[in-house]
Structure formats: structure tokens, C-alpha cells
There are 2 protein chains.
Amino acid sequence: MKKEADVFFEFLVGKGLKFTSQRKIILNIFLNTEDHLSVDDLFVLSRREDETIGYATVHRTLKLIKESGLAREVDFGEKRKRFEHLFGHKHHDHLICTKCGDAIEVFDPKIEKLQEKLAQKYGFKPSFHRMEIFGLCKKCGKREPHPV
Amino acid sequence: MKKEADVFFEFLVGKGLKFTSQRKIILNIFLNTEDHLSVDDLFVLSRREDETIGYATVHRTLKLIKESGLAREVDFGEKRKRFEHLFGHKHHDHLICTKCGDAIEVFDPKIEKLQEKLAQKYGFKPSFHRMEIFGLCKKCGKREPHPV
DNA sequence: GTAAAACATGATATTGATTTTCAATTTCAT
DNA sequence: ATGAAATTGAAAATCAATATCATGTTTTAC
Ligand SMILES: [Mn+2]
Ligand SMILES: [Mn+2]
Ligand SMILES: [Zn+2]
Ligand SMILES: [Zn+2]
């Protein structure tokens, strides 16, 4: 059993909540999918394991997972939210392919440092940030026709 | 009359559309407000000039303004979209105060350069990006109680 | 000038994701 | 077992964004 499951369990216990079978299924699918999932994605996957699981339950459980510190919300400029692993994952930003939708996780310490400096310059106390670069990934870039 | 109004007018003409009184009002309010406005913000402001203007018209006009190249959409992590001036404004990113909502416009050429490099490292062809740093602005940071 | 065509408007309806409500069920400590 | 508390799935509510539609207003064709 992953350590994350303990974290979630402890979080639930601390709030007087229960680790039900539905929550187990949803958590495990989330943990085993190293991807940026929407509520609906997770709902579809969860239904495969348990044909009776409800959308609301998936939604509520994902919210709990987020509150427990295991997940964070990410926004790739679509209309739906996505979630990614937080526990044991270092901060990173994304390169997002506008063609295939793939999200590459990246981290540049020099940029991070300059972001701090930039904030400082304005007397601003940063608490978090996000940076997304949109464009074509390696694969999609190759397939693109050359400019005329 | 601002040059932007001509840009918008030419855009409309090019599409066989008309520069109506409503569109004039909405455009002028948008141009005169150096701010990051939501459709609803702009609707409220427009109603002050013309009590009969409809929400749908504001929405449609803002869409046209965007298509004409005068505005672009920005996302400050709220559920509603915002729009800012694009014409004659250089690319910039934002420091967003999580307390008062103020958005400071910033630009760091070193960061921009590193973003290019970062993309290159992954064979990624960037076309645009966004970077938002959330935290407390100078004012709000001062008012914050010191940690215990 | 007049009539048809094209466009614009504001009210209203629809959409789609998210979030809440609610009655029924399950869990768990006595 | 019993009662309190938590959970569930379906359905409804919410809310911004968008589409529809009947009514006006130009513009164009004759
Ligand atoms: Mn990620
Ligand atoms: Mn701006
Ligand atoms: Zn791609
Ligand atoms: Zn502030």
C-alpha cells in the first residue's frame, strides 16, 4: 500500500470521516494514474472498477484528496479543472502542447530564482505561482508543415 | 478619438459589421479603463452610460474587440474570464494579490529568455505563455500580522 | 421610394462544469 | 440492537458563457 493512502487515511480520521470502499477506489485510481486528470476522467476510470459509483462521490473525494495535500489543481486553459499529484512531487511548471494536449513537466531553478527577485522588486510577497508555456511538443512540431 | 477605435472600425468594416452606438460605448469604456475587466464588470460600467444596454451585447462586443486584436483574455484563477488591452501593450505577466485582487504587470527579459531555452531543451516550439505569481502586494503585505 | 436582405439588439433559454441538496443507506460506538 | 453521525447516488441548483429568437434598424436592390 502506498504511503499516500496513509496520508489520506490520517486526514480522514482527523476530520472524523471514513475510508469507504468508494473512496479507496477513487484514491487508488488517482494515485496510479500519473496524469493530469479532470473530475470526469476520474469518474470514467472509477466506473470501470465499480459500476455504481456516482459522479458526486468522485467530485467530493477528489476535493478531499486535494484538502489532504495529496493533490493540487492545475489549469491548462481549458474549461475544466485538472488535478495532479502533489505528495512527493516537487514543484514544477508545464509545457502544454496545443495540438495533442500533452503536458510536459519542467523545472528551471534559474527561473524560480528570478521570479523571487521579480516579486521582491515590487515589495510583493509571493506564496505560489504558475507558469505554462503553450506551443507544439516535439512530436507535433515535426508533423507541422513548414511555413510557406 | 483613439487609434484603437479605428482598428476596431476597420475590423468591423472588413466583416461587414456596423459600428453601432452600443459598440461605441462598450469599446470606449473598455479603452478608458486600464484594468483587467470581466464581462460583468464591463456590463455594469456600460449600463451607467446607457441604461438599456444588454448583457449579451456586451459579451458579443467584447468578443469582437478580442477578435479585432485590441484585447486578450487573462485568467487570474477565478471562475470568470478577464480581458486586458492588447493593442500597443507589450507582453507582460502578473503579480496577483490574493488579498485585494490587485494585478501588477511585470516583465523580466531574463525570465523570457530562459523560458525560450527551457522549451528548446524539450524540442518544444513555444507560441505563447503565461506566468502568474500569487501572494501579497506591498500594501497588503504590510497590513499582515507577523507570524507568531 | 419601397421592399427585401442583412445585421443588431435585448430578453430569454441553453449549455456544461461544478457544487449542493436530499432521502435512503451504511457505519460505528455504545 | 439502537441511535447518532457519516456517506452515497440521483437530482437539482448554480453560474458564467454562449445560443436562440422575435423585434428593430440599417443597407441594398430594384
Ligand atoms: Mn504536472
Ligand atoms: Mn495585464
Ligand atoms: Zn503534441
Ligand atoms: Zn493587495
Side-chain angles (χ1 to χ4, degrees), chain A residues 8-30 36-68 71-83 101, chain B residues 8-30 36-68 71-83 101:
Chain A
F8 191 54
F9 181 69
E10 288 308 320
F11 170 79
L12 291 177
V13 167
K15 300 202 106 186
L17 306 179
K18 290 152 193 159
F19 202 8
T20 63
S21 66
Q22 289 92 336
R23 286 177 181 164
K24 277 192 186 93
I25 288 171
I26 295 164
L27 177 68
N28 278 325
I29 291 177
F30 175 72
H36 302 89
L37 296 174
S38 66
V39 177
D40 197 64
D41 290 339
L42 192 51
F43 170 63
V44 169
L45 292 171
S46 299
R47 269 277 163 119
R48 286 193 199 157
E49 298 267 316
D50 177 346
E51 193 57 52
T52 72
I53 229 161
Y55 186 94
T57 301
V58 175
H59 172 268
R60 285 181 294 227
T61 301
L62 199 36
K63 204 172 164 185
L64 290 172
I65 291 174
K66 180 184 155 190
E67 281 170 40
S68 78
R72 78 170 179 128
E73 231 173 274
V74 291
D75 174 359
F76 290 172
E78 305 154 304
K79 53 181 154 187
R80 74 172 61 79
K81 293 178 186 172
R82 293 183 175 279
F83 294 82
Chain B
F8 190 55
F9 181 69
E10 288 308 320
F11 169 80
L12 291 177
V13 167
K15 301 202 105 187
L17 306 179
K18 290 151 193 160
F19 202 7
T20 63
S21 66
Q22 290 92 335
R23 287 176 181 165
K24 277 194 184 93
I25 289 171
I26 295 164
L27 176 69
N28 278 326
I29 292 177
F30 175 73
H36 302 90
L37 297 173
S38 66
V39 176
D40 196 64
D41 291 339
L42 192 52
F43 170 63
V44 170
L45 292 170
S46 300
R47 268 277 163 119
R48 286 193 200 155
E49 297 268 316
D50 177 346
E51 194 56 53
T52 71
I53 230 161
Y55 184 93
T57 301
V58 176
H59 173 268
R60 284 181 295 227
T61 302
L62 199 37
K63 205 171 164 185
L64 290 173
I65 291 173
K66 181 184 155 191
E67 281 170 39
S68 79
R72 78 169 179 131
E73 232 172 275
V74 291
D75 174 359
F76 290 174
E78 306 155 303
K79 55 180 152 186
R80 73 171 61 79
K81 292 176 188 173
R82 293 182 174 280
F83 294 82

Letter by letter from the 5' end, nucleotides 7-12 of chain D scores (B base, S sugar-phosphate only, - none; protein heavy atoms under 4.0 Å) SBBB--
Chain A vs DNA chain C, heavy-atom contacts under 4.0 Å, first-to-last nucleotide span, 5' to 3', is C:dA17 to C:dC28
Stepwise side-chain contact (heavy atoms from CB on, under 4.5 Å) test for A:Arg48 and A:Ile29
CA-CA 10 Å; A:Arg48 286 193 199 157; A:Ile29 291 177; over 6 Å; no
In whole angstroms, the gap separating P of D:dT18 from CZ of B:Arg80 amounts to 14 Å
Between B:Phe11 and B:Ile65, is a side-chain contact (heavy atoms from CB on, under 4.5 Å) present by the stated rule, with each step listed? CA-CA 9 Å; B:Phe11 169 80; B:Ile65 291 173; over 6 Å; no
- Mind telling me whether A:Phe19 and A:Phe8 have parallel, tilted or perpendicular rings, with 30° and 60° as the class edges? perpendicular
- Kindly determine whether B:Asp75 and B:Glu73 satisfy side-chain contact (heavy atoms from CB on, under 4.5 Å), including the steps that lead there. CA-CA 7 Å; B:Asp75 174 359; B:Glu73 232 172 275; over 6 Å; no
Whole-Å distance, B:His59 NE2 to D:dA16 C1', equals 9 Å
query = Taking A:Arg23 for the side chain and A:Thr61 for the main chain, is one N or O donor matched with an acceptor at less than 3.5 Å?
reply = no
In whole angstroms, the gap separating C1' of D:dT18 from NZ of A:Lys79 amounts to 9 Å
Separation of D:dT18 atom C1' from B:Leu62 atom CG, nearest Å, is 13 Å
Taken in chain and number order and not counting sequence neighbours, the residues that satisfy ring pair (Phe, Tyr, Trp, His ring centres under 6.0 Å) with B:Phe43 are B:Tyr55
Practice task
List the steps and the verdict of side-chain contact (heavy atoms from CB on, under 4.5 Å) for B:Leu62 and B:Leu37.
Solution key: CA-CA 10 Å; B:Leu62 199 37; B:Leu37 297 173; over 6 Å; no
Tested for side-chain hydrogen bond (donor to acceptor under 3.5 Å, both in side chains) against B:Asp41, the lone hit among B:Arg80, B:Arg82, B:His36 is B:Arg82
Rounded to whole Å, the CG-P distance (B:Leu64 to D:dA17) equals 16 Å
